[in-house]
Amino acid sequence: MERATVIVAIDGPSGTGKSSTSKAVAAQLGLSYLDTGAQYRAITWWMVNNGIDIEDPSAIAAVAGKPEIVSGTDPSAPTITVDGTDVAGPIRTQEVTSKVSAVSAVPEVRARITELQRSIASGSENGIVVEGRDIGTTVLPDADLKIFLTASPEARAARRNNELKGADVHATREALLKRDAADSSRKASPLAKADDAVEVDTSDLTLQQVIECVVTLIEEKRAAK
Ligand SMILES: Nc1ncnc2c1ncn2[C@@H]1O[C@H](COP(=O)(O)OP(=O)(O)OP(=O)(O)O)[C@@H](O)[C@H]1O
Ligand SMILES: Nc1ccn([C@H]2C[C@H](O)[C@@H](COP(=O)(O)O)O2)c(=O)n1
């Protein structure tokens with residue numbers, strides 16, 4: 001029997017495990033994968049590289065349509081380019097991380113990236129796992145399954161510090177909370193849980209347990225289709 005196409009939206013604050021979970025789940029189920037945070041990081045990288053004043057929303061809005069952002073959706077090797085340049089590394093710098101909330105709050109940036117995300121999701125053959133902040137509420141309100149991952153600030157900071165060896169856990173926690181506050185309080189499509197999303201608190205779960213939980217939820221949806 002042919003499997004039903006499934007569109008899955010996974011949202012949540014920073015460090016809750018969206019990327020790790022989405023990639024693994026998509027790979028396991030043969031679905032495509034889209035990291036929408038990488039797209040906002042890519043446009044932020046372009047703004048910084050082109051000397052655009054990040055403090056000036058109208059300057060950002062005026063050039064929001066210029067960069068060509070291309071996302072590869074293979075969960076085992078996701079890619080991201082801007083105007084043909086591979087930016088997978090540069091978009092993870094501290095400079096981009098500290099500026100991405102300001103750039104992604106600009107409505108013209110969101111309109112551009114949202115259109116791109118919808119076109120990628122509608123072109124996916126077997127289905128797709130799309131992760132971000134506003135996927136269930138705005139980008140794909142008709143997704144088959146919406147999941148909202150959460151975790152305590154302490155758990156999230158500890159996870160990030162495992163990656164950034166030697167970082168100060170208190171500073172990491174404050175930086176996460178600052179970015180969440182900016183992403184949740186912006187006017188245009190803020191970070192929020194959709195009313196019909198399933199909330200999963202990952203604080204005390206291993207990554208493998210979260211993956212299993214999401215796979216089960218998707219299989220249930222597929223079986224009911
Ligand atoms: N349940 C978990 N238990 C322990 N570590 C985890 C768990 N989930 C994810 N991690 C680890 O936490 C770190 C952050 O995870 P990940 O990048 O997937 O989060 P995220 O929600 O996508 O973050 P961001 O929004 O900032 O990109 C990674 O090092 C990942 O391996
Ligand atoms: N759907 C999305 C995804 C991401 N953003 C913004 C806000 C985040 O702070 C930033 C980087 O995301 P990350 O790579 O940490 O997942 O991008 C957004 O506004 N909407």
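In each ligand, atom 1 is the first atom listed, and ligand 1 is the first ligand listed. Keep in mind the model is a prediction, meaning the values are calculated, not measured.
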Kindly indicate whether the side chain of Val48, heavy atoms from C-beta on, has any atom under 4.5 Å from the side chain of Lys99. yes
Run through Lys18, Arg41, Arg92, Arg133 and flag the one making a salt bridge (Lys or Arg N to Asp or Glu O under 4.0 Å) with Asp35. Arg92
Identify all N/O pairs between ligand 2 and the protein with a separation under 3.5 Å and present them as a table of atom names and distances.
{"residue": "ligand 2", "atom": "1 (N)", "partner": "Thr36", "partner atom": "OG1", "Å": "3.1"}
{"residue": "ligand 2", "atom": "1 (N)", "partner": "Arg133", "partner atom": "N", "Å": "3.0"}
{"residue": "ligand 2", "atom": "1 (N)", "partner": "Asp134", "partner atom": "OD1", "Å": "2.8"}
{"residue": "ligand 2", "atom": "9 (O)", "partner": "Arg179", "partner atom": "NH1", "Å": "2.8"}
{"residue": "ligand 2", "atom": "9 (O)", "partner": "Asp183", "partner atom": "OD2", "Å": "2.7"}
{"residue": "ligand 2", "atom": "14 (O)", "partner": "Arg41", "partner atom": "NE", "Å": "2.7"}
{"residue": "ligand 2", "atom": "15 (O)", "partner": "Arg41", "partner atom": "NH2", "Å": "3.3"}
{"residue": "ligand 2", "atom": "15 (O)", "partner": "Arg133", "partner atom": "NH2", "Å": "3.2"}
{"residue": "ligand 2", "atom": "15 (O)", "partner": "Arg179", "partner atom": "NH1", "Å": "2.9"}
{"residue": "ligand 2", "atom": "16 (O)", "partner": "Arg133", "partner atom": "NH1", "Å": "2.9"}
{"residue": "ligand 2", "atom": "19 (O)", "partner": "Arg110", "partner atom": "NH1", "Å": "2.8"}
{"residue": "ligand 2", "atom": "19 (O)", "partner": "Arg110", "partner atom": "NH2", "Å": "3.3"}
{"residue": "ligand 2", "atom": "19 (O)", "partner": "Arg186", "partner atom": "NH1", "Å": "2.8"}
{"residue": "ligand 2", "atom": "19 (O)", "partner": "Arg186", "partner atom": "NH2", "Å": "3.1"}
{"residue": "ligand 2", "atom": "20 (N)", "partner": "Arg110", "partner atom": "NH2", "Å": "3.0"}

Taking 4.0 angstrom as the limit, do Arg160 and Glu163 come out as a salt bridge? yes
Pair Asp196 + Lys146, salt bridge at N-O below 4.0 Å: yes
Under the side chain to side chain contact (heavy atoms under 4.5 Å, CB included) test against Arg156, which residue among Thr202, Leu177, Thr172 passes? Leu177
Indicate yes or no for a side-chain donor-acceptor contact from [X] to the backbone of [Y] under 3.5 Å, with no hydrogens or angles considered.
X      : Y      : answer
Ser203 : Ala151 : no
Arg173 : Pro153 : no
Asn50  : Ile52  : no

Residues in contact with ligand 1, criterion: heavy atom under 4.0 Å: Pro13, Ser14, Gly15, Thr16, Gly17, Lys18, Ser19, Ser20, Arg133, Arg159, Arg160, Glu163, Arg179, Leu205, Thr206, Leu207, Val210
Distance-only side-chain donor-acceptor flag, Ser124 / Ser32, under 3.5 Å: no
